[in-house]
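Step one of this worksheet: look at the structure below.
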Amino acid sequence: MLLIAYASKTGNTKEGAERLAELLPEAVLVDLTQETPVLEEYDEVIIGAGVRVGAAHKTAREFLVKNKAALASKRYAIFISNCFADTVEEILVKSVDAETLKGAVWAGSVGGWLNMEKVKGVDKVLAKAATKAVKDGQKVNEELDLKAISELAASFK
């Protein structure tokens with residue numbers, strides 16, 4: 001059985017996980033901010049995380065750390081949803097320990113965008129500062145990367 005577990009704050013990662021679940025209809029979809037699945041019940045796992053301040057969602061990071069041993073015996077993948085395309089490798093390395101990252105059959109970004117209407121409080125201040133600091137030529141995602149989602153799904157078919 002396949003688990004797609006995700007942690008999303010503004011909805012990008014949730015939407016990416018839902019699109020992935022459409023391509024993998026046998027999968028069980030779980031919001032990590034609402035429940036904690038028992039990994040022993042699954043043969044394969046895909047973990048998705050939104051990005052805040054250059055790191056994967058805290059709930060997803062904690063889930064990866066807590067379940068490191070269980071993941072080692074499964075096929076698994078890790079995806080992030082982020083708006084700054086040039087920072088994918090940096091975010092993954094910062095957010096996931098090297099051994100866990102190395103064991104993933106797929107690790108990368110499914111794109112995403114910065115929806116300022118859904119960003120609140122200090123996150124909004126940080127998001128505005130980040131968008132002002134975008135370097136010339138830096139690629140900014142404006143939507144989900146459907147090709148990446150398809151490639152990730154193909155890893156589990």
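Nothing here was measured: the structure is a model prediction, and the numbers come from that model.
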NZ (Lys58) with more than 12 external heavy atoms under 6.0 Å
no

With a cut-off of 6.0 Å (strictly less than), are more than 12 heavy atoms of other residues, nucleotides or ligands near CD of Glu99?
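Counting other residues, nucleotides and ligands, CD of Glu99 stays at 12 neighbours or fewer.
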
Decide side chain to side chain contact (heavy atoms under 4.5 Å, CB included) for Val30 and Ile4; before the verdict, give the C-alpha distance in whole Å, the side-chain angles of both, and the deciding distance to 0.1 Å.
CA-CA 6 Å; Val30 174; Ile4 301 172; over 6 Å; no

Roughly how far, to the nearest 0.5 Å, is [atom2] of [Y] from [atom1] of [X]?
X	Y	atom1	atom2	answer
Leu152	Leu20	CG	CG	4.5 Å
Leu64	Tyr76	CG	OH	8.5 Å
Asn67	Glu62	CG	CD	11.5 Å
Ile91	Asn82	CD1	CG	4.5 Å
His57	Lys9	NE2	NZ	7.0 Å

Looking only at heavy atoms, what is the nearest atom pair of [X] and [Y], with distance?
X	Y	value
Met1	Asp43	N-OD2, 2.5 Å
Ala107	Leu92	C-CD1, 4.0 Å
Phe79	Thr13	CE1-CG2, 3.8 Å
Phe156	Glu26	O-OE2, 4.4 Å
Ala153	Leu24	O-CD2, 3.6 Å
Ile47	Ala60	CG2-CB, 4.4 Å

Worked check of side chain to side chain contact (heavy atoms under 4.5 Å, CB included) between Lys94 and Glu90
CA-CA 6 Å; Lys94 180 179 179 180; Glu90 178 183 322; 5.5 Å; no

Please walk me through it: do Val105 and Glu44 pass side chain to side chain contact (heavy atoms under 4.5 Å, CB included)?
CA-CA 10 Å; Val105 297; Glu44 300 175 308; over 6 Å; no

Is Leu23 close to Ser150 at the side-chain level, that is, under 4.5 Å between some pair of heavy atoms?
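Of all side-chain heavy-atom pairs linking Leu23 with Ser150, at least one is under 4.5 Å.
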
Within the structure provided, determine whether Tyr6 and Asp31 are in side-chain contact (heavy-atom separation under 4.5 Å).
yes

Got a salt bridge between Glu15 and Arg19, using NZ or NE/NH1/NH2 to carboxylate O under 4.0 Å?
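Salt bridge present between Glu15 and Arg19.
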
Look at the side-chain heavy atoms of Ile, Leu, Val, Met, Phe, Trp and Tyr, link any pair under 4.5 Å apart, and say whether Ile80 and Val65 land in one connected group.
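No; tracing contacts between hydrophobic side chains, which count when under 4.5 Å, never links both residues.
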
Donor-acceptor contact below 3.5 Å, side chain [X] vs main chain [Y]:
X	Y	answer
Ser155	Glu151	yes
Thr59	Leu32	no
Arg61	Ala56	yes
Asn12	Ser81	no

Side chain to side chain contact (heavy atoms under 4.5 Å, CB included) between Leu2 and Tyr42, worked out:
CA-CA 6 Å; Leu2 172 62; Tyr42 302 93; over 6 Å; no

Residues in side chain to side chain donor-acceptor pair (under 3.5 Å) contact with Thr100, at least two apart in sequence or another chain
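Applying side chain to side chain donor-acceptor pair (under 3.5 Å) to Thr100 gives Asp97.
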
